[in-house]
Amino acid sequence: MTTYRVCCFLRRFRPASNEPSEAIGDVFEAYAGADGGGSALGEEALRRFLREVQGEAGDDDVEAAAREVLAFAAEHRLLKKGGGLTVEGFYRWLCSDANAALHPRRGVIKTVHHDMGLPLSHYFIYTGHNSYLTGNQLSSGCSEAPIAKALRDGVRVIELDLWPNAAKDDVEVLHGRTWTSPVDLMKCLETVKEHAFVSSPYPVILTLEDHLTPHLQAKVAKMVKETFGDLLHLSESEAMPVFPSPEDLRGKIIISTKPPKEYLETKSSKEEAQNGSAEEESVWGDEIPDNKAQVATARQVSEKDTERYVEEDEEMEKKVQQGVNGEYKSLISISLTRRKHDMDQDLKVDPEKVSRMSLGEAAYEKATITHGSEIIKFTQRNLLRIFPKTTRITSSNYNPLMGWRYGAQMVAANMQGHGRKLWLTQGMFRANGGCGYVKKPDFLMNTDKMFDPRSKLPVKTRLKVTVYMGDGWRFDFRKTHFDKCSPPDFYARVGIAGVVADTMMKETKVIMDNWIPTWDHEFEFPLSVPELALLRVEVHESDNHQKDDFAGQTCLPVWELRSGIRSVRLYARDGEVLRSVKLLMRFEFS
């Protein structure tokens, strides 16, 4: 029995059971019984299960999957003496990482399966914003540590803001005209070199927002060349007719920037201070607060601080030095176009050369209303980067899907912040083996018929999701973490983030007083654009007297889900995987 003390009384509860849910037991019995084995799943019944439930197609795939299951069972001594898989073995294999919802990682090799030989403009690219910051945008520290973490997590675009030091004789990395403490540029460059290809062999793009004199630009050029050496990709000409592919640039570091004046004219503080749309957020529910970081930051950063930040940034723009050093300019492989602040002109496609453009979150959102098809056409050849508005002081994020729906490749996220918007970004880039490059859907590259994500689209497929049960919290959390007086009362929220028509959120019933909740709840989601749909899963602990406790989350690309009964790992609010917590779910497409 599990006991909880309430005042001077003891409350006793039935201990957590390791048995599979009734629905999982029924699946086992259906196949074991049909094979005549009764209490064991024979090889032929296993093959039939893999084919009919797990969606394995082709004799070779079925045989390979069956060998993996039997090898797992043998390793853990879960085979009966006469042969066949026990119900415990069947359940333990279902819950194992070998049966993950996405194709599992094999050792240090990830399953990259998209065509990586197309131009860079054909891919969504995992992009960070102010990659050196450790916390909020106004007063946190700058460090090389967040850069290393981002690269290890698969981020492929790292942003560094370059400023002169107080003596004007060296270069520092910091968020200019704020109270952020600087970090040495050389530390950042060495960190990029050390971690660039730890989790992915595909190119790292280093976007430099520089506020430097030609003399300091020359110093940066020397540092970059000496640090990266042969890893540095140098373009043969200033005007590329088409971007090279991720495969062409494998193992390379690419510099992308533009002259200081152009950089500053791209970032209009007045424009970025405007509020964006709250579209779809009510579907997902209130953002989950980070009590240790977000609340403290909110106290530090007042509206007066924000106004001062914007005013000083505008003053800095007037005083910044102009000019570009030749050696520095030669490093730039992906140049940025100077914005004319006229969308008709900004989104014109040059047939002779490709480039990159940056748009602030608010300006971009306006452009999707008036120039949606032009954005899609522009991003078929060129790169578009979207960055968060300056008023996101707490390092919050916008909905990245507003960028991906129109083909924007570099949807920059504040990796220092946490919450549902960042979970979507992390979910998108779990696709394609987590390599940081996800091939855009073909309809975003179709030049004959422009995709319109706002139009009413027919249902293309239906995704049926069954949430059977969850386990692992009892190992990762202390007994009284969720409730001091009883075991937790868990419920799951399951939904879709995608085009507006597909976006929805549903939830299971609450299972009272149980560390291993069994929901056996089935949901169905009609999908108009499954190629841009992300499956969102959250687990919470119900509390009648205060805000429900957060108990884990994940976000998975729908188009890469493996059919059948699968194991789904959950992550903490900060995106780090929970060591033991998993759900058992089933995915069926019709």
Worksheet item: For S528, does its backbone N or O pair with a side-chain atom of D502 as donor and acceptor, under 3.5 Å?
Response: yes
Between [X] and [Y] (salt bridge meaning N to carboxylate O under 4.0 Å), is one present in this structure?
X    : Y    : answer
R430 : E560 : no
R586 : E522 : no
D471 : K582 : no
E361 : R392 : yes

Worksheet item: Of R562, E68, R92, R566, which meets side chain to side chain donor-acceptor pair (under 3.5 Å) against N99?
Response: R566
Response to the item:
In T178, N414, T391, the residue satisfying side chain to side chain donor-acceptor pair (under 3.5 Å) with Q137 is N414
Practice prompt. Report yes or no: is the cationic atom of K389 (NZ for Lys, CZ for Arg) under 6.0 Å from the centre of the six-membered ring of Y364, at an angle within 45° of the ring normal?
Written response: no
To the nearest 0.5 angstrom, please state how far the [atom1] atom of [X] sits from the [atom2] atom of [Y].
X    : Y    : atom1 : atom2 : answer
I376 : F443 : CD1   : CZ    : 8.5 Å
I511 : E541 : CD1   : CD    : 12.5 Å
L584 : I24  : CG    : CD1   : 4.5 Å

Fill in: Aromatic plane relationship, H521 with F523 - under 30° parallel, 30 to 60° tilted, over 60° perpendicular
parallel
Fill in: Ring geometry between F429 and Y126 (parallel below 30°, tilted from 30 to 60°, perpendicular above 60°)
parallel
Worksheet entry | Pairing residues for R478 by the salt bridge (Lys or Arg N to Asp or Glu O under 4.0 Å) criterion, not counting sequence neighbours | none
Worksheet item: Going through the checks in order, is the salt bridge (charged side-chain N to carboxylate O under 4.0 Å, His left out) test met by E538 and R573?
Response: CA-CA 10 Å; E538 296 178 12; R573 187 180 182 278; over 6 Å; no
Discussion item. Just checking F90 against F49, ring centres under 6.0 Å apart?
Written reply: yes
